Structures are given as C-alpha cells and as structure tokens.
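Here the structure comes first, spelled out in structure tokens, and everything after it is commentary.
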Amino acid sequence: VVLGWTSLNNVLRDTGLVALLRKLQGLAPGGAVMAGYLEEDAREAVSGPRARLRDMLRSAGLTHRRPGDRYRGHLGFYREYDRDHLTALATAAGVQVRFVSDIYPVALFTLESSSR
C-alpha cells in the first residue's frame, strides 16, 4: 500500500492514525504501507505579530493545539510527526515501522504484529 506524500499529516489525531494502521493491517495482513510525511521541525520559531497573537489567545484560554498541529494557508490543518511519535503510534497499532529516508521522510509500516 502506498499513501501519497504527506498523507499521514492529514490524520490529525493519534487515535485516527492508529485506527488507520489497524484497518490497513486487516485489509493487507503481512503487507506493508509506505508513507511520506512532514517531520516536526523543532527549530520553527514564532516571533513578531504572530507570536503576540498566539500569546493573547493562550492567555485567554482559546487555543487547544497539540504538539505537531499546524496550519498553513495552502495546506490547511495538518500535523507534523517525529520518528519517536510515529514509532509509538505504530506500536499502539500493533505494527512495525522503519524509516527509509532522511532527505524526504518516509515511513515503512510492516503490517504484521509487532509482538512477533
């Protein structure tokens, strides 16, 4: 199974990604899923007017953003992942994951039990 580049980033909740992996495991047991994704960039800093707006919203209790949640005008809402988080989600889904690229992040999920 091949998921389009950054398809994983459109799954906004951990429970949704775990459910997706479990469903794919049921559809293609013993198969694999290759998926590109956007990695979380710890260097992303917010400054200027954007930072002031964020701080005002936070102080008013109006933000409910989870780590990795992002919004871009040309992408809409999406989520960035890091390898540790994807590994934890794969384990929760009962599948194995390997990372096959450092230039463009690609995860290869093996749809067999991670307990084997």
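What you are looking at is a predicted structure, and each value in this text was computed from that prediction instead of being measured.
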Notebook entry, point to check: Above 12 or not: heavy atoms from other molecules or residues under 6.0 Å from CZ of R98?
Noted result: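 No.
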Checklist line | Residue Y104 excluded, over 12 heavy atoms near OH under 6.0 Å | finding: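 Not more than 12 within 6.0 Å, no.
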Next item on the list: Identify the two heavy atoms, one from A90 and one from L21, that lie closest to each other, and give their separation to 0.1 Å.
Entry: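 Taking every non-hydrogen atom into account, CA-CD1, 4.1 Å.
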Check: For the residue pair P105 and E39, what are the closest heavy atoms and their distance?
Finding: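 P105 and E39 have their closest heavy atoms at CG-CG, 3.6 Å.
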Indicate yes or no: at least one non-hydrogen side-chain atom of [X] is less than 4.5 angstrom from one of [Y].
| X | Y | value |
| --- | --- | --- |
| V106 | F99 | no |
| V33 | L108 | no |
| V97 | T110 | no |
| H85 | E80 | no |
| Y78 | T6 | no |

Notebook entry, point to check: With respect to F77, which candidate in L12, N10, N9 satisfies the side-chain contact (heavy atoms from CB on, under 4.5 Å) definition?
Noted result: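 Per the side-chain contact (heavy atoms from CB on, under 4.5 Å) rule, the option paired with F77 is L12, out of L12, N10, N9.
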How many angstroms lie between atom [atom1] of [X] and atom [atom2] of [Y], to the nearest 0.5 angstrom?
| X | Y | atom1 | atom2 | result |
| --- | --- | --- | --- | --- |
| R79 | L17 | CZ | CG | 8.5 Å |
| L89 | F109 | CG | CZ | 8.0 Å |
| T87 | Y81 | OG1 | OH | 13.0 Å |

Next item on the list: Check whether any side-chain N or O of R22 sits under 3.5 Å from a backbone N or O of A92 as a donor-acceptor pair, and report yes or no.
Entry: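 Flag set: sc R22 to bb A92 pair under 3.5 Å.
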Check: Between the main-chain N or O of L3 and the side-chain N or O of S7, is there a donor-acceptor pair closer than 3.5 Å?
Finding: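 Not confirmed, S7 side chain does not pair with L3 backbone.
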Notebook entry, point to check: So if you build clusters from Ile, Leu, Val, Met, Phe, Trp, Tyr with side-chain heavy-atom gaps below 4.5 Å, do V2 and V100 land together?
Noted result: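 Yes, because V2 and V100 connect within a single hydrophobic cluster, where side-chain heavy atoms sit under 4.5 Å apart.
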